[in-house]
Amino acid sequence: MKKRILTGLKPTGDLTLGNYIGSIRQMKELESDYDSFLFVADLHALTVFQNPSELHERIRKFIAMYIACGVDPEKHTIYIQSENEFLPAMNWLLECSTYYGEASRMIQFKEKSKDNANFTVGLLTYPVLMACDILYCDAEYVPVGIDQKQHVELARDIADRFNKKYGETFKLPEFYPIKVGAKIYDLKDPSKKMSKTEENPQGVIGLFDDLDSIRSKIMKATTDSLNKVCYDPENQPGISNLLTIASVLSGEDINSIEKRFEGALYGEFKKYVAEVVTSKIGQFQQRYKEIINSKELDEILDRGREKSRELARQKYELMKERMGVVR
Ligand code: TYM
């Protein structure tokens, strides 16, 4: 039997090139070798207040874009997290196996609660729901960008604690290490992650952006004054980020791109990167238009919902039994 991999993306803003490279692309590449689960983490989006109609629209857009990016719905179980009501039910049982200390030590929680006196309780317990997402179906590997690694490790710790206390219930999941592109950086400020919720859109390439604006963002990306196209994240973070993006999207390795642009001006190199990115995203957008209103999308989601609900129901019943909360 194939091992299971699983990942989810949170619809707090439109999908970015970082999400594609760090997450969706991995699933696409691994789908033939693993039993693959891919979902929209809409319940996770609620940890920060959302505009309901925008959130509603984004959920379907995410699913259509996964498929437009090349994820094969025949090889994947694709679903919407909130359509599986056993996940929040499991969540309570796992919250009671998670220490406040470990949840409050999560880097993302610390960052997001730092300058915000009014953060929700959900922001703190967010990684517990993420653990449920992973553990209900015994996922063995979780392909995520580096920013989510700590959450996967926490899921493993919670599962291990539960198994030791109540008896073998969960498989212990592992972070799936991504070789290139585990963190794509903001084009304007290459010291920080490219993020859906970034306020300055100039540094972020969205998968729904129009192609001219993508071109212009890349041409204006922050670089340095060293004037050499060289992969050196420490001294040339902007250029290194563009090299990573171009390499992942073109399939050409970084060394060979560096060689081709030896002695070239940054403008020339950026033009090439813009060409690679717009050509790829242009293909995604074309397919997206064909899929977004199709009936097929609902059939895929119905299938995914049934399969994920049944697995989660079984795991939830087992957890209750193990914990003694049965009639
Ligand atoms: P989210 O929505 O923040 O990000 C979705 C995925 O994209 C990756 N990612 C990046 N990778 C490389 N470079 C970037 N700049 C970049 N930005 C984002 C993230 O690492 C992630 O893999 N908590 C999760 C959603 C989630 C989940 C899960 C994931 C909920 N349950 C269970 C895996 C398993 C999140 O907020 O991802």
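For ligands, and for the atoms within them, numbers begin at 1 and follow the listed sequence.
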Pair Thr77-Lys307, side-chain hydrogen bond (donor to acceptor under 3.5 Å, both in side chains): steps then yes or no
CA-CA 8 Å; Thr77 301; Lys307 184 160 168 193; 3.3 Å; yes
Return the [atom1] to [atom2] distance between [X] and [Y], rounded to the nearest 0.5 Å.
X	Y	atom1	atom2	result
Met106	Glu111	CE	CD	12.5 Å
Ile24	Leu9	CD1	CG	5.5 Å
Asp14	Met65	CG	CE	8.5 Å
Ile245	Ile205	CD1	CD1	5.0 Å
Arg60	Ile63	CZ	CD1	9.0 Å
Thr120	Lys112	OG1	NZ	11.0 Å

Under the salt bridge (Lys or Arg N to Asp or Glu O under 4.0 Å) definition, can you give me all pairs with a residue in residues 245-255, not counting sequence neighbours?
Glu252-Arg260
Within the 3.5 Å criterion, strictly below it, is a donor on Glu310 or Gln314 matched to an acceptor on the partner's side chain?
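Per modelled atom types, Glu310 and Gln314 side chains form a pair under 3.5 Å.
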Do Lys271 and Tyr266 have a side chain donor and acceptor closer than 3.5 Å?
no
Please confirm whether [X] comes under 4.0 Å of ligand 1, counting heavy atoms of the residue only.
X	result
Leu6	yes
His151	no
Gly181	yes
Tyr185	no

Which atoms of ligand 1 sit under 4.0 Å from any heavy atom of [X]?
X	value
Tyr126	23 (N), 24 (C), 35 (C), 36 (O)
Ser23	6 (C), 7 (O), 22 (O)
Lys10	2 (O), 3 (O), 36 (O)
Val144	20 (O), 22 (O), 29 (C), 33 (C)
Ala41	30 (C)
His44	30 (C), 31 (N)
Met194	14 (C), 15 (N), 17 (N)
Val142	33 (C), 34 (C)

At what distance is the nearest protein heavy atom to [atom], and which residue and atom is it?
atom	value
atom 15 (N) of ligand 1	Ile184 O, 2.8 Å
atom 37 (O) of ligand 1	Gln148 NE2, 3.7 Å
atom 28 (C) of ligand 1	Met130 CG, 3.4 Å
atom 1 (P) of ligand 1	Lys196 NZ, 3.4 Å
atom 26 (C) of ligand 1	Gly8 O, 3.8 Å
atom 31 (N) of ligand 1	Asp133 OD2, 2.6 Å

Side-chain donor-acceptor distances from residues 319-327 under 3.5 Å, at least two apart:
{"residue": "Arg322", "atom": "NE", "partner": "Glu168", "partner atom": "O", "Å": "3.4"}
{"residue": "Arg322", "atom": "NE", "partner": "Thr169", "partner atom": "OG1", "Å": "3.2"}
{"residue": "Arg322", "atom": "NH2", "partner": "Glu168", "partner atom": "O", "Å": "2.7"}

For ligand 1, the portion of [X] having any non-hydrogen atom under 4.0 Å away:
X	result
Asn19	both
Val152	neither
Gln81	neither
Phe39	side chain
Ser195	neither

Within the structure, does [X] bring an N/O atom to less than 3.5 angstrom of an N/O atom in ligand 1?
X	result
Gly145	yes
Lys193	no
Gly18	yes

Once the angle between the rings of Phe261 and Tyr272 is folded into 0 to 90°, is it parallel (under 30°), tilted (30 to 60°) or perpendicular (over 60°)?
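Aromatic pair Phe261/Tyr272 classed tilted.
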If the plane angle is over 60° it's perpendicular, under 30° parallel, otherwise tilted; pick one for Tyr316 and Phe86.
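Ring orientation, 0 to 90° scale: tilted.
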Taking the six-membered ring for Trp, is the centroid-to-centroid distance between Tyr136 and Phe170 below 6.0 Å?
no
Restricting to non-hydrogen atoms, name the atom on Phe62 and the atom on Pro11 that form the minimum distance, rounded to 0.1 Å.
CZ-CA, 3.5 Å
For atom 19 (C) of ligand 1, tell me which residue out of Thr7, Asp42, Asp147, Ile5 has the closest non-hydrogen atom.
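Nearest option to atom 19 (C) of ligand 1, by heavy atoms: Asp147.
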Using side-chain heavy atoms (C-beta onward) and a distance below 4.5 Å, is Leu55 in contact with Leu46?
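A side-chain contact exists here, since the closest heavy-atom pair is under 4.5 Å.
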